[in-house]
Amino acid sequence: MRRPSHGAARGPCRWTRVDSRGGDRTDRTRPEAARTYDSRSDSRGSCRAARPQGPRAPRRLPQGAGRGPDLHRGCGPGPRHPARRRGGRPGEDRPLRHRGGGGRRRGARRAGRPDRDAGRAHRPALPQARGCPGGRGVRAQAGRPDHRSVRRRDHHHHPEPRMNRTPTDPTVQPVPASVTAQVDAADTTLSNPKPAVLSLGGNLGNRLENLQGAVDALEDTPGVRVKAVSRVYETAPWGVEPDTQPPYLNAVVVVKTTLPPSSLLERAQAVEEAFDRVRTQRWGARTVDVDIVVYGDVVSGDPVLTLPHPRAHERAFVLRPWLDVEPEAHLPGAGRVADVLAGIGEEGVAVREDLELRLPD
Ligand SMILES: Nc1ncnc2c1ncn2[C@@H]1O[C@H](COP(=O)(O)OP(=O)(O)OP(=O)(O)O)[C@@H](O)[C@H]1O
Ligand SMILES: Nc1nc2c(c(=O)[nH]1)N=C(CO)CN2
């Protein structure tokens with residue numbers, strides 16, 4: 001795993017987590033999905049067959065697209081959950097296509113793939129991530145009077161009108177140091193994309209479609225490129241009493257991102273919510289879970305975003321797929337992932353060779 005030094009490591013991230021919609025979410029899970037789930041009765045139909053007809057979705061959402069509460073919360077004219085949208089059977093994983101071997105890397109396969117846009121159908125509408133390049137992100141919000149780009153431009157091209165920027169100007173508000181740090185961190189990551197490893201898991205609904213939808217939604221995020229996708233694993237629920245939950249499907253993706261860690265977390269949580277994840281109990285069954293395992297070599301004890309993920313070293317369902325895509329991976333504070341995995345064992349983690357996640361184009 002690449003480990004460039006970067007400014008984001010200068011301290012724990014302290015950005016406020018924003019729940020853009022707030023409010024309590026009613027229980028939108030469909031318990032029957034769990035009851036009817038049979039992981040070995042996957043039909044052989046492809047996701048492509050289930051894709052709605054029509055023009056392809058744009059590769060990148062325009063700024064602000066999909067932000068409205070109608071789209072985001074499902075109050076609009078149509079159903080929003082991917083499984084509902086197609087009237088599909090939510091308790092069923094449909095293999096996308098066969099393949100053997102390890103994880104996929106971008107560019108490993110491309111030309112002439114007739115099914116390469118299949119995953120678009122799984123994409124939920126997500127809000128624009130904050131802090132995105134080109135968007136009204138942290139840079140635009142900060143308004144820091146001594147922001148470097150502003151200062152540079154003024155110095156070279158507009159030397160005279162500094163009225164709003166002099167320290168004595170009463171209209172100039174002091175900018176909290178935390179905001180300054182955020183803007184600096186965003187500046188740094190914008191010019192220097194960071195690798196991050198995300199863990200995906202889910203044990204409700206159509207598990208494979210949900211994971212694929214999460215991968216596609218991440219790829220649709222400005223400032224995030226999905227570089228590699230692991231094999232798919234069926235895993236015993238970890239951290240709960242045996243036989244109290246359906247088995248999970250788990251996978252790991254490697255991304256390169258210009259988003260700061262906090263914005264990546266926001267996006268991960270937006271993906272979870274778009275798939276109707278509900279949080280009723282710790283480690284409860286869920287449609288999709290997206291955790292940040294590592295972000296570069298950042299180490300942070302902030303409970304809002306702990307890096308590396310505080311339980312990654314205990315979880316074979318994270319480490320095993322991670323090794324697919326990064327055999328020499330290193331978990332800061334724990335050592336080589338292969339060694340950590342050897343220490344905890346792989347019980348309850350079985351590769352599903354018949355299932356595959358597609359790396360977005
Ligand atoms: N590395 C991280 N990745 C994702 N969430 C994190 C991370 N570190 C801290 N958190 C915080 O953990 C909180 C709970 O996350 P979540 O509901 O996904 O937990 P969980 O998946 O049920 O359990 P676990 O955290 O053990 O995986 C989130 O609100 C988030 O702020
Ligand atoms: N097998 C498995 N067990 C879990 C998982 C998961 O993704 N897979 N996620 C959890 C909370 O993040 C708790 N337990």
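When a ligand or atom number is given, it counts from 1 through the structure's own listing order. Given the structure is predicted, the values throughout are model-derived calculations rather than measurements.
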Who's closest to atom 1 (N) of ligand 2 heavy-atom-wise, of Leu200, Thr235, Asn203?
->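 Nearest option to atom 1 (N) of ligand 2, by heavy atoms: Thr235.
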Winner among Asn250, Asp289, Val290 once heavy atoms are compared against atom 12 (O) of ligand 2 |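 Considering heavy atoms of Asn250, Asp289, Val290, the nearest to atom 12 (O) of ligand 2 sits in Asp289.
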Any side-chain heavy atom of [X] within less than 4.5 Å of one from [Y]?
X      : Y      : answer
Ser199 : Val293 : yes
Asn203 : Pro247 : no
Ile292 : Leu307 : yes
Arg320 : Tyr233 : yes

Mark the output for Arg286 as yes if a heavy-atom distance to ligand 2 is under 4.0 Å, and as no if none is.
->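 Arg286: in contact with ligand 2 (<4.0 Å).
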Please state whether Arg315 comes within less than 4.0 angstrom of ligand 2, counting heavy atoms only.
->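 The answer is yes: ligand 2 sits under 4.0 Å from a heavy atom of Arg315.
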Under a 4.0 angstrom heavy-atom cut-off, which atoms of ligand 1 come close to [X]?
X      : value
Trp283 : 22 (O), 23 (O), 24 (P), 26 (O)
Asp289 : 18 (O), 21 (O)
Gln269 : 28 (C), 29 (O), 30 (C), 31 (O)
Pro303 : 9 (C), 10 (N), 11 (C)

Is the shortest distance from a Lys or Arg side-chain nitrogen in [X] or [Y] to a carboxylate oxygen in the other one below 4.0 Å?
X      : Y      : answer
Glu353 : Arg231 : yes
Arg311 : Asp291 : no
Arg225 : Glu219 : yes

Could you tell me which atoms of ligand 2, counted from 1 in the order shown, lie closer than 4.0 angstrom to a heavy atom of Pro237?
->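 Under 4.0 Å from Pro237, ligand 2 has these atoms: 1 (N), 3 (N).
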Using a strict cut-off of 4.0 Å, indicate which atoms of ligand 2 neighbour a heavy atom of Asp291.
->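 Reading through ligand 2 atom by atom, the close ones are 12 (O).
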Is the shortest N/O to N/O distance between Trp283 and ligand 2 below 3.5 Å?
->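 It does not: no N or O of Trp283 is found under 3.5 Å from an N or O of ligand 2.
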Ligand 2 to Ala236 polar contact by distance, N or O atoms, under 3.5 Å =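 Right, the criterion is met.
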Considering only heavy atoms, does [X] approach ligand 1 within less than 4.0 Å through its side chain, its backbone, both, or neither?
X      : answer
Arg315 : side chain
Pro308 : neither
Leu305 : both
Arg282 : neither
Asp302 : neither

In terms of the angle between their ring planes, are Phe317 and Trp238 parallel, tilted or perpendicular, with boundaries placed at 30° and 60°?
->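 Rings of Phe317 and Trp238: perpendicular, over 60°.
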Before signing off on this row, confirm whether Val304 and ligand 1 have an N or O atom pair separated by under 3.5 Å.
->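 In this structure, Val304 places an N or O atom under 3.5 Å from an N or O of ligand 1.
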Starting from atom 2 (C) of ligand 2, locate the nearest protein heavy atom and write down its residue, its atom name and how far away it is, to 0.1 Å.
->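 Minimum-distance protein heavy atom for atom 2 (C) of ligand 2 reads Tyr248 CD1, 3.3 Å.
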If you have a sec, work out which protein heavy atom is nearest atom 3 (N) of ligand 2 and how many Å separate them, to one decimal?
->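 For atom 3 (N) of ligand 2, the nearest protein heavy atom comes out as Trp238 N, 2.9 Å.
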Counting distance only, does the side-chain N/O of Gln212 pair as donor-acceptor with the main-chain N or O of Arg358 below 3.5 Å?
->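 Indeed, once roles are kept as given, a pair shorter than 3.5 Å links the two residues.
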For the residue pair [X] and [Y], what are the closest heavy atoms and their distance?
X      : Y      : value
Pro321 : Ala316 : CD-O, 3.7 Å
Val197 : Glu326 : CG2-OE1, 3.9 Å
Gln245 : Val240 : NE2-CG1, 3.6 Å

Applying a heavy-atom cut-off of 4.0 Å, say which part of [X] lies close to ligand 2: side chain, backbone, both or neither.
X      : answer
Pro247 : neither
Val240 : neither
Phe317 : side chain

Could you tell me whether ligand 1 has any atom less than 4.0 Å away from a heavy atom of Gly201?
->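 The answer is no, since Gly201 has no heavy atom less than 4.0 Å from ligand 1.
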Only one of Val271, Val255, Leu259 forms a side-chain contact (heavy atoms from CB on, under 4.5 Å) with Thr221, so which one is it?
->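 Only one option passes, and that is Leu259.
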Could you give me the CA-CA distance, side-chain angles and deciding distance for Val349 and Thr235, then say whether side-chain contact (heavy atoms from CB on, under 4.5 Å) is met?
-> CA-CA 5 Å; Val349 175; Thr235 66; 4.0 Å; yes
